[in-house]
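Structure first, commentary second.
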Amino acid sequence: MINLTDLNPMQRLAVENTEGPLLVLAGAGSGKTRVLTYRVARLMENGVPAWKILAITFTNKAAREMKDRVLQLAGPEAEECWISTFHACCSRILRRDIEKLGYKRSFTIYDEDDRMTVLKQCLKALQMDEKQFPPKALRAVISDAKNKLLTPEEWFQQSDRSFRDRKTLEAFQRYETVLKENNALDFDDLLVKTLQLLADNPPVLEYYRDKFSYILVDEYQDTNAAQYELVKLLASQSRNLCVVGDDDQSIYGWRGADIRNILYFEKDFPDARVVKLEQNYRSTGNILDAANQVIAHNAGRKEKALWTEAEEGERVALYRALDERDEATFIAQMAEKLIRGGERPGEIAVLYRTNAQSRVLEEAFVRLGTPYRVYGGLKFYDRKEVKDLIAYMRVLANPDDDVSCRRVINEPRRSIGESTVDALAAYAAENGISLLAAAMAPEDAGLSSRARAAVSGFGELMLSLTEQLYESAPDRFLEEIIQQTGYVKALEEARDDESMNRIENIHELQGAVAEFMRLNPEGTVQDFLENVALVTDIDGMEESRGAVTLMTLHSAKGLEFDCVFLAGMEDGIFPLSRAMDEPEQLEEERRLCYVGITRARKRLFLSCAAQRLLYNSRSCNPPSQFISEIPPRLIQGAVARGAGPMRIAPAPGQGMRTSWRGAPEPTRAYNPREARSYGRDEGPYNPRAARVTEDSRPRDAAAPKKPDLSSIPGLRKGFGGPPDREVASVNLFRVGDRVSHRIFGEGTVVELSGEGAGQKVRVRFEGKGEKLFAANAAPLTKIR
DNA sequence: GGTCTGCAGCTTTTT
DNA sequence: GCTGCAGACC
């Protein structure tokens with residue numbers, strides 16, 4: 001029996017009104033997730049079978065969290081609920097019935113990179129110039145059209161129908177054809193094809209309508225036309241549809257999300273009940289006040305006033321930095337101070353508008369030795385070596401996938417050059433077979449004898465791996481691929497730092513597969529690939545309690561932290577300059593700011609820089625207009641807007657002063673010469689390696705005066721490995737030391753070579769042979 | 001025909 | 001600071 005007394009009257013209303021359409025307007029921090037989970041539990045308590053419940057969330061992380069909480073409330077039966085993202089839900093529906101649309105069930109899901117590859121291929125075939133028709137722009141047009149449920153032809157009809165549009169149409173059509181030939185769907189197709197499947201196949205629609213008699217949709221303000229139609233289609237029979245959202249947190253307009261979906265819900269369902277959750281349980285009074293004041297500048301909102309019983313708390317701190325480095329130093333030092341004051345690193349977040357801003361921040365954290373973790377940017381699955389191995393798995397699972405086939409046909413190098421591949425592809429096209437099929441039987445493809453031999457070798461390899469596919473679990477299969485293709489062997493032979501790094505990433509991939517198998521013991525290769533396509537790095541978040549979080553504002557949606565820094569609060573950065581002249585876009589930026597502010601429970605820090613180096617040029621930006629939308633009474637050391645590049649000292653006797661007097665090292669006065677030479681004497685710092693850094697120091701280590709980045713220990717996070725693991729400084733290794741490695745287990749250091757950043761450690765592992773590591777990157781723990 | 005090296009251009013947010 | 005491309009080299 002679930003306990004409804006845990007809920008306030010409004011939350012309770014939202015939970016108990018299980019029948020008919022319901023709109024829950026849930027302000028930030030108002031207990032939205034609680035309502036959703038209790039509602040599912042309540043339904044089950046009322047006798048609704050779990051398998052009749054569909055709950056849709058925006059991220060996989062949110063889905064998993066919700067599932068966990070529902071399981072706690074309602075017991076193991078809840079396992080049968082469908083709780084997933086739109087994309088995962090669609091993928092599941094399509095895996096069952098996509099053959100009705102003329103695809104095979106083994107279809108591949110193409111990511112943005114694959115889309116670009118296909119588009120470039122299309123442009124080439126149509127002899128269109130990439131300069132004239134930038135693939136990125138085409139991708140945007142196509143994605144936009146699909147999100148609006150337009151076919152290429154319909155898109156053209158509503159365009160200007162210029163010559164340009166006509167050419168774009170051709171590329172669009174060809175893109176669709178190529179995807180189909182490759183038995184592949186892009187992200188947007190997952191929604192579009194599901195809709196098509198349901199619309200064209202009444203029995204299938206009936207099945208799902210009947211199955212999902214209760215539907216819940218989270219973050220409804222971020223649904224696009226396709227998602228909206230899908231929900232309507234599925235829910236129109238039972239009408240038991242509960243949507244939860246906050247129009248003030250709609251931040252995905254650029255991705256086709258239509259805020260009107262939530263604003264007009266009551267028009268779509270005139271009998272809908274509306275429940276507003278306005279009590280905020282998350283933030284202090286001052287933080288909430290600041291958020292309310294900022295968002296009040298937007299027009300056309302749903303009437304809503306968030307309030308809290310919490311105390312006022314501290315005021316919002318504002319730091320006006322000289323430049324981006326000064327800002328980053330301030331943030332890192334303040335974070336360090338908070339940690340010393342007892343705050344857990346995982347309760348601190350630094351949020352910024354664009355991924356490009358993360359680098360300077362990272363450098364500052366590295367310099368202070370403060371543990372941090374960057375989310376987004378270059379994703380794990382975007383790394384070349386990881387993509388290559390995934391591409392092997394993909395083409396073996398879906399032999400029609402020419403894009404993946406092309407990717408791996410000469411990786412590692414097997415002397416199959418571009419012209420050979422082109423000839424082979426032409427031969428495949430003539431005979432209506434896939435590239436892989438052609439490679440397996442290249443005798444009549446008209447290749448030179450040398451080329452034919454190389455291709456045959458590849459074909460035989462793939463044939464042998466195909467046989468493995470049906471016999472092996474994902475981990476074993478990946479192992480076979482690595483062995484038979486000689487991928488790692490080729491890297492080992494290269495012997496440079498980069499290759500060692502790549503080998504490490506491959507081990508992380510193996511770790512990821514192992515973790516997947518732990519969670520899905522029955523999972524197939526196909527299931528794993530699906531997981532890879534639909535799961536992002538952000539989803540693995542909870543594993544990093546021991547590190548400060550660095551991420552974009554968009555990624556932070558749905559998360560909360562005790563202390564939040566909003567960095568780069570400058571006009572031109574946030575709001576972005578391209579959004580400043582467009583009222584609608586400016587409002588979306590403002591909502592993003594609202595999302596950022598409301599992530600904070602206890603403390604909020606805003607910072608801006610008088611000048612900054614971004615996109616290769618130095619620019620001077622005034623403080624963000626959003627800062628001036630917060631009343632000065634809520635700000636510590638408040639400053640007038642446009643007060644010039646001087647740093648504003650904190651007002652006397654106010655918290656700001658005390659809070660940063662104790663920082664490890666006072667921020668230095670600005671010195672242009674010094675600013676120019678910054679970063680020069682720091683050695684071969686590799687931010688790419690640092691991206692996967694976590695918990696990068698022993699907790700009690702003092703911040704080094706003169707930073708030597710090559711000695712920063714433990715430059716890797718074990719993918720899916722245990723959290724908060726501390727790694728000893730590798731530069732202290734000596735021959736004979738006993739060390740431990742996450743994948744290889746325990747071993748002994750047998751050789752040290754190279755100097756500084758190029759230093760290598762050779763370790764002999766029991767039963768696993770010898771491995772060579774880059775000393776500054778190896779995840780080796782010294783054991784006594 | 002294949003591979004390697006050096007240089008230019010580009011960077012909003014993501015399921 | 002990474003990717004893509006052109007040109008040189010094998």
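Naming convention: chains lettered A, B, ... in sequence-line order (proteins, then strands); numbering from 1 in each chain.
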Please list all pairs passing the side chain to side chain donor-acceptor pair (under 3.5 Å) test where one or both residues lie in residues 117-131 of chain A, with sequence neighbours left out.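 As it turns out, there is no side chain to side chain donor-acceptor pair (under 3.5 Å) pair with a partner in residues 117-131 of chain A once direct neighbours are skipped.
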Could you give all pairs that pass the side chain to side chain donor-acceptor pair (under 3.5 Å) test and reach residues 407-419 of chain A, with sequence neighbours left out?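 Qualifying pairs: A:K384-A:E411, A:D388-A:R407, A:Y392-A:R414.
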Mind listing the N/O atom pairs, protein and nucleotides 8-10 of chain C, below 3.5 Å?
none

Please determine whether a side-chain nitrogen or oxygen atom of [X] lies at a distance below 4.0 Å from atom OP1 or OP2 of [N].
| X | N | value |
| --- | --- | --- |
| A:N355 | B:dT14 | yes |
| A:R255 | B:dT13 | no |
| A:T59 | B:dT14 | no |

Between the protein and nucleotides 2-4 of chain B, which nitrogen or oxygen pairs come in under 3.5 angstrom?
{"from": "B:dG2", "atom 1": "OP1", "to": "A:G417", "atom 2": "N", "distance (Å)": "3.1"}
{"from": "B:dG2", "atom 1": "OP1", "to": "A:T420", "atom 2": "OG1", "distance (Å)": "2.2"}
{"from": "B:dG2", "atom 1": "OP2", "to": "A:S419", "atom 2": "OG", "distance (Å)": "2.7"}
{"from": "B:dG2", "atom 1": "O5'", "to": "A:G417", "atom 2": "N", "distance (Å)": "3.4"}
{"from": "B:dT3", "atom 1": "OP1", "to": "A:S415", "atom 2": "N", "distance (Å)": "3.3"}
{"from": "B:dT3", "atom 1": "OP2", "to": "A:N410", "atom 2": "ND2", "distance (Å)": "3.1"}
{"from": "B:dC4", "atom 1": "OP2", "to": "A:R413", "atom 2": "NH1", "distance (Å)": "2.8"}

Under 4.0 Å, counting only non-hydrogen atoms across every strand here, what does A:E588 touch: a base, just sugar-phosphate, or nothing?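 Counting heavy atoms under 4.0 Å across all strands, no contact is made by A:E588.
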Base, sugar-phosphate alone, or nothing: which one does A:F58 contact when heavy atoms must sit under 4.0 Å apart?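 The residue A:F58 makes sugar-phosphate contact but no base contact.
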Option among A:L185, A:I93, A:L197 that satisfies the side-chain contact (heavy atoms from CB on, under 4.5 Å) test with A:I98: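 That would be A:L185; it is the only one of A:L185, A:I93, A:L197 passing the side-chain contact (heavy atoms from CB on, under 4.5 Å) with A:I98.
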A:E229: which residues meet the side chain to side chain donor-acceptor pair (under 3.5 Å) condition with it, sequence neighbours left out?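 Partners of A:E229 by the side chain to side chain donor-acceptor pair (under 3.5 Å) criterion come out as none, since no residue qualifies.
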Run the side chain to side chain donor-acceptor pair (under 3.5 Å) test against A:S84 and tell me which residues pass, sequence neighbours left out.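 Partners of A:S84 by the side chain to side chain donor-acceptor pair (under 3.5 Å) criterion come out as none, since no residue qualifies.
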Please enumerate all residues that pass side chain to side chain contact (heavy atoms under 4.5 Å, CB included) together with A:E582, with sequence neighbours excluded.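 Per chain and number, A:E582 pairs via side chain to side chain contact (heavy atoms under 4.5 Å, CB included) with A:Q585.
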Suppose we screen for ring-ring contact (aromatic ring centres under 6.0 Å, His included). Which residues come up paired with [X], at least two apart in sequence or across chains?
| X | value |
| --- | --- |
| A:H554 | A:Y252, A:W254 |
| A:Y208 | A:F212 |
| A:F528 | A:F516 |

Could you measure the distance from the CD atom of A:E588 to the CG atom of A:N298? Nearest 0.5 Å is fine.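 Between A:E588 CD and A:N298 CG, I get 10.0 Å after rounding to 0.5 Å.
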Out of curiosity, A:R599 CZ to A:Y594 OH, how far, rounded to the nearest 0.5 Å?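 If we round to the nearest 0.5 Å, A:R599:CZ and A:Y594:OH are 8.5 Å apart.
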I want to confirm an ordering. Mapping A:H554 and A:S448 to their closest nucleotides on DNA chain B, which one lands closer to the 5' end?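 The 5'-side residue here is A:S448.
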Between C:dG4, B:dT13, B:dT14, spot the one nearest the side chain of A:S555, thanks.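 Within the option list, the nearest is B:dT14.
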For A:F187 and B:dT15, is the gap between ring centres under 5.5 Å while the planes differ by less than 30°?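 Taking the rule of under 5.5 Å and under 30°, the ring of A:F187 does stack on B:dT15.
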Under the 5.5 Å and 30° test, is A:W254 stacked on the base of B:dT13?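 Yes; by the centre-distance and plane-angle rule, A:W254 counts as stacking on B:dT13.
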Please work out the stems of DNA chain C from pairs that are Watson-Crick or G-U wobble with both distances under 3.5 Å, keeping only runs of three or more consecutive pairs.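 Ordered by first number, the stems with DNA chain C (at least 3 consecutive pairs each) read B:1-9 with C:2-10.
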Measure [atom1]/[X] against [atom2]/[N] and give the value in whole Å, please.
| X | N | atom1 | atom2 | answer |
| --- | --- | --- | --- | --- |
| A:L559 | B:dT13 | CG | C1' | 15 Å |
| A:R591 | B:dT12 | CZ | C1' | 15 Å |
| A:K61 | B:dT14 | NZ | C1' | 16 Å |
| A:N224 | B:dT14 | CG | P | 17 Å |
| A:N60 | B:dT14 | CG | C1' | 12 Å |
| A:L424 | B:dG1 | CG | P | 14 Å |
| A:E112 | B:dT13 | CD | P | 13 Å |
| A:L586 | B:dT12 | CG | P | 18 Å |

Check the angle between the aromatic planes of A:Y372 and A:F365 and answer parallel, tilted or perpendicular using the 30° and 60° thresholds.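 Answer is tilted, since the angle falls between 30° and 60°.
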Below 4.0 angstrom, which residues in residues 128-150 of chain A have at least one non-hydrogen atom near DNA chain B?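 Result for residues 128-150 of chain A: A:K136, sorted by number.
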Check: A:C405 main-chain N/O paired with A:D402 side-chain donor or acceptor under 3.5 Å: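 Not at all, since once roles are kept as given, no pair shorter than 3.5 Å links the two residues.
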A:R406 side chain to A:D422 backbone, donor-acceptor under 3.5 Å: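 Checking the backbone N and O of A:D422 against the side chain of A:R406, no donor-acceptor pair under 3.5 Å is found.
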Around atom CZ of A:R260, are there more than 12 heavy atoms from other residues, nucleotides or ligands closer than 6.0 Å?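 At most 12 heavy atoms, drawn from other residues, nucleotides or ligands, come within 6.0 Å of this atom.
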